[in-house]
There are 2 protein chains.
Amino acid sequence: MMTGTRTEGGSGATAEHEWEQQLHSHDRRVTKQRLAVLAAVARSQHSTAEAITAAIRAELPSITVQSIYVVLADLTRLGMLRRIEPPNSPARYETRTGDNHHHAICTSCGRIEDVDCAVGHAPCLTPELDAGATIGHIIIADVLYQGTCSACAATANEPLTVKPDEVGPSH
Amino acid sequence: MMTGTRTEGGSGATAEHEWEQQLHSHDRRVTKQRLAVLAAVARSQHSTAEAITAAIRAELPSITVQSIYVVLADLTRLGMLRRIEPPNSPARYETRTGDNHHHAICTSCGRIEDVDCAVGHAPCLTPELDAGATIGHIIIADVLYQGTCSACAATANEPLTVKPDEVGPSH
DNA sequence: ACCCTTATTGTGAATTACTCAGAATAAGTG
DNA sequence: CACTTATTCTGAGTAATTCACAATAAGGGT
């Protein structure tokens with residue numbers, strides 16, 4: 001198993017096996033829906049539930065949006081997916097989990113990019129919370145950078161003319 | 001004008017005059033609805049549209065939720081309010097604008113606090129965007145710290161048991 | 001002080017993103 | 001292969017927000 005050629009290009013089958021193992025280790029059954037969701041998100045990072053549904057329906061036409069939501073929520077809970085909620089956009093999902101990375105979003109076209117923390121992990125986790133702060137135990141720090149991507153800067157688009165989700169997934 | 005005593009405690013009338021001036025300078029009419037929204041947000045930072053509506057109705061019972069939304073959106077566009085969108089919560093609004101400050105949210109009770117950037121303004125604005133990034137012109141960097149506040153840590157609440165908006169506004 | 005223009009608010013319906021309850025299906029186990 | 005139960009599907013429901021259009025009122029002109 002997993003020797004020889006594969007039907008599809010990319011990192012398809014390799015990742016698929018890892019996903020199956022991870023699902024098993026979380027006491028989850030391996031279903032084509034779950035694998036399809038993982039594959040769709042992997043193929044198109046930062047995509048919305050709607051985009052994921054559309055992508056999956058190409059090969060699994062009977063899948064419903066509700067199932068997508070259930071699967072996405074569950075996989076996120078397991079840590080196999082990460083959910084991000086950009087302003088003025090439905091939630092988006094990505095397969096890059098576990099590392100502490102942030103996001104940059106173009107306020108003009110909605111493009112989203114991964115951004116590694118500038119100085120490792122620590123700096124964003126030690127703000128001056130001492131000053132009258134009651135929230136002491138910081139677990140995660142999410143940074144959302146907003147600006148304009150070079151494409152939009154070139155086209156001189158006005159900010160926020162296009163809604164983020166009218167544009168396809170990023171990367 | 002603005003001398004002597006004021007009817008209400010706090011920074012009521014002073015702020016009100018500033019608001020009127022700001023509204024005028026933005027070619028907006030000074031309406032009691034707008035002033036009421038500004039006052040409600042000022043009084044209770046990080047509150048939701050629903051909470052703002054409830055607060056305002058105490059003295060302006062005929063106001064509608066839709067108007068609140070319109071006013072909030074407009075004042076946010078003008079920069080007189082700032083909108084924050086915490087995960088698993090409706091949008092929240094605050095009067096502290098213009099400065100680059102961030103937020104810490106308690107994942108247990110939903111309490112939100114302002115957090116000043118640890119090293120002034122610059123550090124969060126210069127991530128390593130060079131590495132293959134197309135989003136070059138960063139305008140703002142929002143940092144969202146998530147953790148547990150001391151109260152929740154003491155009560156040993158499980159994270160996310162309570163939805164953020166089941167709790168009153170913070171501060 | 002009053003009128004008139006038009007921004008603003010109110011009314012009512014619609015939309016988006018998502019969730020829930022229960023029936024049908026299929027993954028994995030013996 | 002059968003059986004148990006997680007998973008998915010069906011269909012309805014909800015929360016947050018937006019839209020279109022009618023009613024109202026702010027502020028400038030006279």
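Quick caveat, the model's predicted, so the values are computed rather than measured. All chains are named by letter (A, B, ...) in the order of the sequence lines, taking the proteins before the strands, and each is independently numbered beginning at 1.
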I'd like to know if the side chain of Glu94(B) pairs up with that of His103(B) as donor and acceptor (distance under 3.5 Å, no hydrogens or angles considered).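 Yes, side-chain donor-acceptor contact under 3.5 Å.
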
[X] [atom1] to [N] [atom2]: how many Å, rounded?
{"X": "Ile52(A)", "N": "dA17(C)", "atom1": "CD1", "atom2": "P", "answer": "13 Å"}
{"X": "Glu50(B)", "N": "dA15(D)", "atom1": "CD", "atom2": "C1'", "answer": "9 Å"}
{"X": "His26(A)", "N": "dG28(C)", "atom1": "NE2", "atom2": "P", "answer": "15 Å"}
{"X": "Leu23(A)", "N": "dA6(D)", "atom1": "CG", "atom2": "P", "answer": "16 Å"}
{"X": "Arg34(A)", "N": "dC9(D)", "atom1": "CZ", "atom2": "P", "answer": "12 Å"}
{"X": "Asp27(A)", "N": "dG28(C)", "atom1": "CG", "atom2": "C1'", "answer": "12 Å"}
{"X": "Arg57(B)", "N": "dT9(C)", "atom1": "CZ", "atom2": "C1'", "answer": "13 Å"}
{"X": "Asn88(A)", "N": "dT16(C)", "atom1": "CG", "atom2": "P", "answer": "15 Å"}

OP1 or OP2 of [N] versus the side-chain N and O atoms of [X]: is any pair under 4.0 Å?
{"X": "Arg83(A)", "N": "dC18(C)", "value": "yes"}
{"X": "His24(A)", "N": "dA27(C)", "value": "no"}
{"X": "Tyr69(A)", "N": "dC18(C)", "value": "yes"}
{"X": "Ser67(A)", "N": "dT8(D)", "value": "no"}
{"X": "Thr31(A)", "N": "dT8(D)", "value": "yes"}

Describe the nucleic acid contact of Gln33(B) in one word from base, sugar-phosphate, nothing, applying a heavy-atom distance below 4.0 Å.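 Sugar-phosphate only.
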
Classify Ala91(A) by what it touches in the nucleic acid, base, sugar-phosphate, or nothing, heavy-atom distance under 4.0 Å.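 It contacts sugar-phosphate atoms only.
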
Indicate if Val37(B) and Leu60(B) have the same hydrophobic cluster label, given that clusters are the connected sets of ILVMFWY residues with side-chain heavy-atom separations under 4.5 angstrom. yes

Sub-3.5 Å donor-acceptor pair from the side chain of Arg28(A) to the main-chain atoms of His26(A), do we have one? yes

With nearest nucleotides of DNA chain D determined for Arg29(B) and Val71(A) from heavy-atom distances, which residue corresponds to the more 5′ nucleotide?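 Result: Val71(A).
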
Mapping Val65(B) and Ile63(A) to their closest nucleotides on DNA chain D, which lands nearer the 5' end? Ile63(A)

Axial bend angle, the helix from dA1(C)-dT30(D) to dG30(C)-dC1(D): five-pair end segments, nearest 10°: 30°

Cationic N near anionic O, under 4.0 Å, Arg43(A) to Glu59(A):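 The answer is yes: the pair qualifies as a salt bridge.
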
With a 4.0 Å cut-off, would you call Arg83(B) and Glu85(B) a salt bridge? yes

Search all heavy atoms of Gln22(A) against all heavy atoms of Ser25(A) and return the closest pair with its distance.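 The pair with the smallest heavy-atom distance is O-OG, 2.8 Å.
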
What are the two closest non-hydrogen atoms of Val115(A) and Tyr145(A), and how far apart are they? CG1-CE1, 3.8 Å

Of all the choices, dT10(D), dT9(C), dT18(D), which nucleotide is nearest to the side chain of Gln66(A) once you look at every atom?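 For Gln66(A), the side-chain atoms sit closest to dT10(D).
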
Single hit among Arg92(A), Arg96(A), Arg82(A) for salt bridge (charged side-chain N to carboxylate O under 4.0 Å, His left out) with Asp114(A):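 In the set Arg92(A), Arg96(A), Arg82(A), the residue that makes a salt bridge (charged side-chain N to carboxylate O under 4.0 Å, His left out) with Asp114(A) is Arg96(A).
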
